[in-house]
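Numbered from 1 within each chain, the chains take letters A, B, ... in sequence-line order.
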Amino acid sequence: MIKAVTGTKDILPIEIPRWNYLEEIVKKIFSQFNYREIRTPIFELTQLFARGIGEATDIVSKEMYTFLDRSGDSLTLRPELTASVVRAFVEHSLDKKQGLNKLFYVGPMFRQERPQAGRFRQFHQFGAEALGSHDPLLDAEMIIMAYDIIAKLGLKKLVVKINSLGVPSAREEYKTVLRDYLNQHLDKLSEESKKRLELNILRIFDSKDERDKSVMKAAPLLIDYLDSESIDHFEKVKSALQNASVPFQVDATLVRGLDYYTHTTFEVVSGSVGSQSALCGGGRYNGLVKELGGPDLPGVGFAAGMERILLACENENSFKAEEEKTDVFIITIDKTLQGFSFQTALALRRSDLIVETDYLSRSVKAQMREANRLNSKFVLFVGGDEFVNGEVVLKNMSNSEQKNISKGNLEEIVKLIKVN
RNA sequence: GUGAUCAUAGCUCAGUUUGGUUAGAGCAUCUGGUUGUGGCCCAGAAGGUCAUGGGUUCAAGUCCCAUUGGUCACCCCA
């Protein structure tokens with residue numbers, strides 16, 4: 001048997017209503033904030049992600065699905081969408097058409113990581129990017145949208161964490177201070193963190209190792225090294241969140257891995273999904289557009305993991321997505337009338353109803369069971385004495401009332417079904 | 001990439017410790033409970049090379065080894 005590739009999953013019909021419900025909420029809230037959907041290709045030139053995300057990041061250095069196409073170009077399945085959206089923004093000169101571009105997306109991403117709870121190799125994200133403004137209110141808007149979507153799904157065990165990484169020059173200065181501090185405590189650090197010291201020093205704050213944690217408790221914090229402009233920006237974000245009634249915690253250790261972040265970073269973390277607890281993450285990236293060959297314009301955005309969100313919803317039993325009910329199931333009593341049933345089903349469907357009929361030549365009892373299984377609101381009996389007399393029988397499945405209708409009178413059938 | 005753990009019917013799981021007749025249950029499926037009517041109930045049926053390959057043994061679902069796959073965690077990230 002050929003199985004789905006490691007880390008990929010089939011979303012079966014039974015799960016589709018939950019996905020549709022989530023996507024409806026996502027699209028509704030984004031459009032209320034006037035974000036417009038953008039759809040970019042599933043694959044891009046590899047160098048887009050290498051430059052946009054950062055060569056040294058784990059995503060680029062070991063997690064991308066990269067391949068050569070037949071003409072020898074190196075292509076990569078998108079591991080995230082910020083770089084693609086910025087590429088499209090630059091390529092189509094969207095900044096020339098309006099001052100601020102507010103964009104959102106929904107779709108699959110690909111990273112070759114070891115699967116675990118809430119982590120897959122093909123996974124789905126929704127996210128938003130606002131390109132062209134420095135306004136800290138937009139940083140706040142991102143956090144508010146993410147929070148509103150997740151809260152609308154009924155999730156409770158949430159923590160919104162925010163931090164500021166400031167501008168690159170202040171950050172570099174701080175890194176030197178931090179490196180000095182850590183070098184003094186080198187013997188107390190885990191082996192992992194000694195490597196991080198060279199590769200990505202800020203991430204030592206994220207370590208789950210107890211030794212690292214105790215060292216980091218007394219470490220100097222980036223927030224104390226921010227320039228006054230960055231502090232001002234951060235304060236405005238915080239007060240906007242307060243006014244929006246979004247509960248948040250300032251977490252000075254929230255550093256995030258991707259190269260492009262400046263100023264605000266944030267995460268929404270769930271307490272009900274296991275170890276991979278970040279439902280969404282994002283922040284401001286003021287250098288990225290220029291880095292990708294565009295004008296020197298700022299941006300801010302976030303991305304959320306849909307499998308993780310749905311996992312949290314399932315664990316907290318936070319919402320029920322109902323399958324759409326069948327309006328009428330046409331039951332064929334005499335097998336010779338299957339053609340009539342098929343035609344009637346078609347006519348009713350073209351009158352805007354959800355209709356099913358029998359294709360297995362089953363007994364009336366079996367067809368009734370099937371209608372019941374489909375939650376059909378009505379059944380329509382075709383056959384027997386009534387049919388000989390030119391009638392079909394419409395039965396309401398919730399109160400068992402039956403009514404004979406002239407078999408040619410589709411309008412009457414449609415009318416009776418639609419009032420329910 | 002590293003580690004732990006698991007693999008028996010479509011699904012959830014007994015049975016493995018102490019190897020021993022035809023491998024079980026619940027749910028789901030199908031058929032029937034009078035000739036044309038669902039949900040509940042009852043009866044019956046179908047469904048498994050016990051992940052795969054090797055080994056030990058008179059005998060392996062059960063013990064040993066390998067492989068494959070799943071799950072969880074680390075790393076990292078949504």
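- Between A:S275 and B:C74 there is a side-chain polar atom (N or O) within less than 4.0 angstrom of OP1 or OP2.
- Looking at A:T46, its side chain does come within 3.5 Å of a backbone N or O of A:S74 through a donor-acceptor pair.
- Annotation: of the two residues near RNA chain B, A:E370 and A:A4, the 5′-most nearest-nucleotide partner is A:E370.
- Here A:D209 pairs with A:R211 under the salt bridge (Lys or Arg N to Asp or Glu O under 4.0 Å) rule; sequence neighbours left out.
- One finds no salt bridge joining A:E307 and A:K9 here, because no Lys/Arg side-chain nitrogen approaches an Asp/Glu carboxylate oxygen to under 4.0 Å.
- The residue A:A371 sits apart from the nucleic acid: no heavy atom pair falls under 4.0 Å.
- Rounded to the nearest Å, the gap between the P atom of B:C6 and that of B:U17 is 15 Å.
- Spacing of P atoms, B:G1 relative to B:A51, comes out at 25 Å, to the nearest Å.
- When the C1' atom is compared between B:U52 and B:G61, the two are found 14 Å apart, to the nearest whole Å.
- Considering only side-chain N and O atoms, A:R196 lies under 4.0 angstrom from the phosphate OP1 or OP2 of B:C75.
- Put simply, CZ on A:R114 is 18 Å from P on B:C77, counting in whole angstrom units.
- Listed by first residue number, the stems of RNA chain B with at least three Watson-Crick or G-U pairs below 3.5 Å are B:1-7 with B:68-74, B:10-13 with B:24-27, B:29-33 with B:41-45, B:51-55 with B:63-67.
- Nucleic acid contact class of A:F387 (heavy atoms, under 4.0 Å, all strands): none.
- With both ends at atom P, the span from B:A66 to B:C72 equals 25 Å, rounded to whole Å.
- Legend: residues meeting ring-ring contact (aromatic ring centres under 6.0 Å, His included) with A:F319, ordered by chain and number and at least two apart, are A:Y21.
- Look at A:F381 and the base of B:G36; the rings do not stack under the cut-offs of 5.5 Å between centres and 30° between planes.
- A distance of about 11 Å separates the P atoms of B:C42 and B:G26, rounded to the whole Å.
- Separating the C1' atom of B:A28 from that of B:C11 is a span of 7 Å, rounded to the nearest Å.
- A salt bridge between A:R349 and A:E356 is present, with a side-chain N of the basic residue lying under 4.0 Å from a carboxylate O of the acidic one.
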Task: Chi angles and distances behind the side chain to side chain contact (heavy atoms under 4.5 Å, CB included) call for A:F104, A:E129 - done: CA-CA 6 Å; A:F104 83 87; A:E129 316 289 348; over 6 Å; no
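- Applying the salt bridge (Lys or Arg N to Asp or Glu O under 4.0 Å) criterion to A:R87, with sequence neighbours excluded, gives A:E44, A:E91.
- Using a 4.0 Å cut-off, some side-chain N or O of A:Q116 falls inside it from OP1 or OP2 of B:A73.
- A:T326 places no side-chain N or O within 3.5 Å of a backbone atom of A:I354 that could act as its donor or acceptor partner.
- Salt-bridge formation is detected for the pair A:K403/A:E412: a Lys NZ or Arg NE/NH1/NH2 atom is positioned less than 4.0 Å from an Asp or Glu carboxylate oxygen.
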What's touching nucleotides 27-29 of chain B from the protein side, N or O pairs under 3.5 Å?
none

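- Across the protein-nucleic acid pair, A:Q112 atom CD and B:U2 atom P stand 13 Å apart, rounded to whole Å.
- Distance alone, capped at 3.5 Å, is enough to place a donor-acceptor pair between the A:S31 side chain and the A:K27 backbone.
- Using a 4.0 Å heavy-atom criterion, one finds that A:L279 contacts the sugar-phosphate atoms exclusively.
- Base engagement by A:E386 is indicated by at least one non-hydrogen atom pair under 4.0 Å involving a base atom.
- Mapping A:K62 and A:C280 onto RNA chain B by nearest heavy atom places A:K62 at the nucleotide closer to the 5' end.
- With B:A73, B:G69, B:A78 as the candidates, the nucleotide lying closest to the side chain of A:K3 is B:G69.
- A donor-acceptor pair under 3.5 Å is absent between the side-chain atoms of A:D334 and the main chain of A:L337, judged by distance alone.
- Side-chain atoms of A:Q402 lie closest to B:U37 of the nucleotides B:U37, B:A78, B:G1.
- Not one side-chain nitrogen or oxygen of A:S376 sits closer than 4.0 Å to the OP1 or OP2 atom of B:G38.
- Ranking B:A78, B:G39, B:U37 by closeness to the A:A278 side chain, first place goes to B:A78.
- Among the protein residues, A:D334 comes within range of no part of the nucleic acid, since none of its heavy atoms lies under 4.0 Å from any strand.
- Nucleotides B:G44 and B:A25 place their P atoms 11 Å apart, quoted to the nearest Å.
- In this structure, A:M368 atom CE and B:U31 atom P are separated by 15 Å, rounded to whole Å.
- Going from atom CG of A:D10 over to atom P of B:C11 covers 13 Å, rounded to whole Å.
- Counting to the nearest Å, the P atom of B:G36 and the CD atom of A:Q367 are 12 Å from each other.
- Across all strands, A:G118 comes closer than 4.0 Å to base atoms (heavy-atom distances).
- Close to B:C74, at under 4.0 Å from its OP1 or OP2, lies a side-chain N or O of A:Q276.
- In this structure, A:D358 places its CG atom 14 Å from C1' of B:C30, rounding to the nearest Å.
- For A:K9, the side-chain atoms get nearest to B:U71 when compared with the rest of B:U71, B:U37, B:C74.
- Between the CG atom of A:N404 and the P atom of B:G36 there is a distance of 17 Å, given to the nearest Å.
- Of the possible polar contacts, one joining the A:R308 side chain to the A:A278 backbone as a donor-acceptor pair under 3.5 Å is found.
- Residue A:S400 has no polar side-chain atom (N or O) positioned under 4.0 Å from OP1 or OP2 of B:G38.
- Centroid-to-centroid, the aromatic rings of A:F248 and A:F266 stay 6.0 Å apart or farther.
- If you check B:C77, B:G38, B:G70 against the side chain of A:R203, the one that comes closest is B:C77.
- Put simply, NZ on A:K213 is 13 Å from C1' on B:C74, counting in whole angstrom units.
- Taking the C1' atom of each, B:G32 and B:U12 are spaced 28 Å apart, rounded to whole Å.
- A:S361 and A:D358 make their closest contact through N-OD2, 2.8 Å (heavy atoms, listed as atom of the first residue, atom of the second, distance).
- Between A:Y174 and A:Y225, a ring centre-to-centre spacing shorter than 6.0 Å is recorded.
- Ion pairing between a basic and an acidic side chain is recognised when a charged N comes within 4.0 Å of a carboxylate O; A:E173 and A:R171 show no such pairing.
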Task: Footprint string (nucleotides 41-52 of chain B, 5' to 3'): B base within contact, S backbone only, - free, heavy atoms under 4.0 Å - done: ------------
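- For A:A366, counting side-chain heavy atoms from C-beta on, the closest listed nucleotide (B:C76, B:G36, B:U31) is B:U31.
- Within the nucleic acid shown, A:N372 comes within 4.0 Å of at least one base atom, counting heavy atoms only.
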